[in-house]
Trainee: 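Please find one structure pasted underneath; my questions will follow.
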Amino acid sequence: MASFASETFFILFLVISLIQVALATRKLNELVQDQPQLLHYHNGPLLSGKISVNLIWYGNFKPSQRAIISDFITSLSSSTSQKAQPSVATWWKTTEKYYHLTSKKQHSSFSLSLGNQILDESYSLGKSLTSKQIVELASRGDQKNAINVVLTASDVAVEKFCLSRCGTHGSAPGSKAGHVKGKNYRYAYIWVGNSEIQCPGQCAWPFHQPIYGPQSPPLVAPNNDVGLDGMTINLASLLAGTVTNPFGNGYFQGPAEAPLEAASACPGVYGKGAYPGYAGDLLVDPTTGASYNAHGSNGRKYMLPALYDPATSSCSTLV
């Protein structure tokens, strides 16, 4: 009887939290399966060199909203963000451990920086996008040594958004114009949607009450924007998955078309003591009452997901 209760509790936990980090083709009923916490290396390349993170803003975003995301990207490698701990840069360092475990020792030349930002405020492809159109948008950014991030506004519907995913990452063939002579290449891309209106209970938890499970009060978002703070969580998860499994043959567990990766292997965990419906023991801003677990650039505070630490075979949190 105890075993049945434990299994039921664990399944409920995954239903609540794994939706946030669901990737491209994974279905929700596949996410609730109990799987060992171990990510295997499949001998493929990780991202290396100096990588620019280009942001493609699709739809209407205020400048203050764009700053939340751009400051987060800057925080990943910013020395200024190290002054206040725990920091976004410290969180990101967990991904370096994956590089140390590869035989290629790619970690020695890997760095991320904020690249170009492209605005499409006219909804040039309409307000209902297919997965193919997401790739089309991603191709607008520079493709060499880059991760192109498509961010869709709250009034944009995207294929399978809210049904089985909050965002996704993948890779696509580079344009012929950008090819190195005699060589083909693929570039990495990410898509994240603003779920403030469409499905905050799925994709913006814990800043909104979940649609399933325990109905504890939502936490106050650190940047006072449920949609953008939720996007930051999902973008952080997908960035970690992108650099450690950019082309589907890096670090992951399970089937390649529906993998558990660096962040999605630790669903719903943001601080120590997390359990279903509870994000964990977090820091709280005494002035705003907002919950967070990382300091970033320009005085920002962020909520970031736990990352699977391959050195300890456990989910690592900042607090």
Side-chain angles (χ1 to χ4, degrees), residues 21-27 30 35 38-56 73 76 92 94-113 115 130-151 159-160 164-192 234-265 307-308 310:
V21 292
L23 304 184
T25 59
R26 192 184 306 167
K27 301 295 188 296
E30 294 172 337
Q35 300 180 21
L38 181 63
L39 303 187
H40 297 285
Y41 180 47
H42 295 77
N43 300 314
L46 308 187
L47 293 186
S48 60
K50 295 182 178 179
I51 303 295
S52 296
V53 180
N54 302 311
L55 305 178
I56 297 102
I73 299 300
L76 293 169
W92 185 246
T94 297
T95 62
E96 293 179 5
K97 297 183 179 181
Y98 290 81
Y99 286 76
H100 285 278
L101 292 176
T102 70
S103 59
K104 299 175 183 179
K105 302 298 181 186
Q106 301 170 83
H107 64 279
S108 60
S109 61
F110 177 70
S111 64
L112 282 183
S113 62
T130 63
S131 296
K132 184 177 180 180
Q133 287 175 312
I134 291 295
V135 177
E136 179 182 339
L137 288 171
S139 70
R140 295 179 181 179
D142 295 334
Q143 296 173 11
K144 290 308 296 268
N145 301 316
I147 301 172
N148 291 340
V149 180
V150 177
L151 301 145
E159 183 180 353
K160 297 183 181 179
S164 63
R165 59 182 182 172
C166 306
T168 189
H169 81 86
S171 65
S175 65
K176 293 182 179 179
H179 276 180
V180 176
K181 187 175 182 180
K183 294 183 178 179
N184 295 325
Y185 70 94
R186 298 182 70 84
Y187 69 93
Y189 70 87
I190 292 172
W191 159 70
V192 181
N234 294 319
L235 175 57
S237 299
L238 291 163
L239 268 174
T242 296
V243 300
T244 57
N245 186 33
F247 307 115
N249 53 6
Y251 285 94
F252 66 90
Q253 174 207 324
E257 66 276 10
L260 285 182
E261 299 175 319
S264 54
L307 294 178
Y308 182 79

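In this chain, numbering begins with 1 at the start of the sequence shown. Keep in mind that this is a model prediction, so the values were computed, not measured.
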Trainee: Tell me whether His42 contacts the main-chain N or O of Gly250 through its side chain, where contact means a donor paired with an acceptor under 3.5 Å.
Mentor: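 Yes, the answer is positive, given that a donor and an acceptor are paired below the 3.5 Å cut-off.
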
Trainee: Can you tell if the side chain of Ser139 reaches within under 4.5 Å of the side chain of Tyr189, non-hydrogen atoms only?
Mentor: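 A side-chain contact under 4.5 Å is absent here.
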
Trainee: Any idea which heavy atoms bring Ala172 and Val135 closest together, and the distance?
Mentor: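 Minimum heavy-atom separation between Ala172 and Val135: CB-CG1, 3.8 Å.
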
Trainee: What is the minimum heavy-atom distance between Ala188 and Thr242, and which atoms define it?
Mentor: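 Taking Ala188 first and Thr242 second, the nearest heavy atoms are CB-CG2, 3.8 Å.
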
Trainee: Do the side chain of Arg140 and the main chain of Asn148 share a donor and acceptor less than 3.5 angstrom apart?
Mentor: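 Side chain of Arg140 to backbone of Asn148, a donor-acceptor pair under 3.5 Å: no, none is there.
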
Trainee: Donor-acceptor pair, Gln253 side chain versus Leu260 backbone, under 3.5 Å?
Mentor: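 Looks like no, no N/O pair under 3.5 Å.
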
Trainee: Is there side-chain contact between Ile73 and Leu239, with at least one heavy-atom pair below 4.5 Å?
Mentor: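 Sidechains of Leu239 and Ile73: in contact.
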
Trainee: Find the distance between OG (Ser52) and CG (Leu112) and round it off to the nearest 0.5 Å.
Mentor: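 Nearest 0.5 Å value for the OG-CG distance: 9.0 Å.
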
Trainee: Quick check: closest heavy atoms across Arg165 and Ser131, and the distance to 0.1 Å?
Mentor: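 Taking Arg165 first and Ser131 second, the nearest heavy atoms are NH2-OG, 2.9 Å.
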
Trainee: Hey, what's the ring geometry for Tyr251 with Tyr98, parallel, tilted or perpendicular (30° and 60° as the breaks)?
Mentor: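 Ring orientation of Tyr251 relative to Tyr98: perpendicular.
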
Trainee: Does Tyr99 use its side chain to pair, donor to acceptor, with the backbone of Thr244 at less than 3.5 Å?
Mentor: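 No: the side chain of Tyr99 does not pair with the backbone of Thr244.
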
Trainee: Mind checking the CG-CH2 spacing from Leu235 to Trp191? Nearest 0.5 Å is all I need.
Mentor: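 Answer rounded to 0.5 Å: 12.5 Å.
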
Trainee: Provide the closest heavy-atom pair for Pro45 versus Phe247 in the form atom of the first, atom of the second, distance.
Mentor: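 Taking every non-hydrogen atom into account, CG-CD1, 3.8 Å.
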
Trainee: Measure across Gln143 and Gly174 and return the closest heavy-atom pair with its distance rounded to 0.1 Å.
Mentor: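 That closest heavy-atom pairing would be OE1-CA, 3.1 Å.
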
Trainee: Could you report the tightest heavy-atom contact between Val192 and Leu238, atom names first, then the distance?
Mentor: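 So the minimum-distance heavy-atom pair works out to CG2-CD1, 3.6 Å.
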
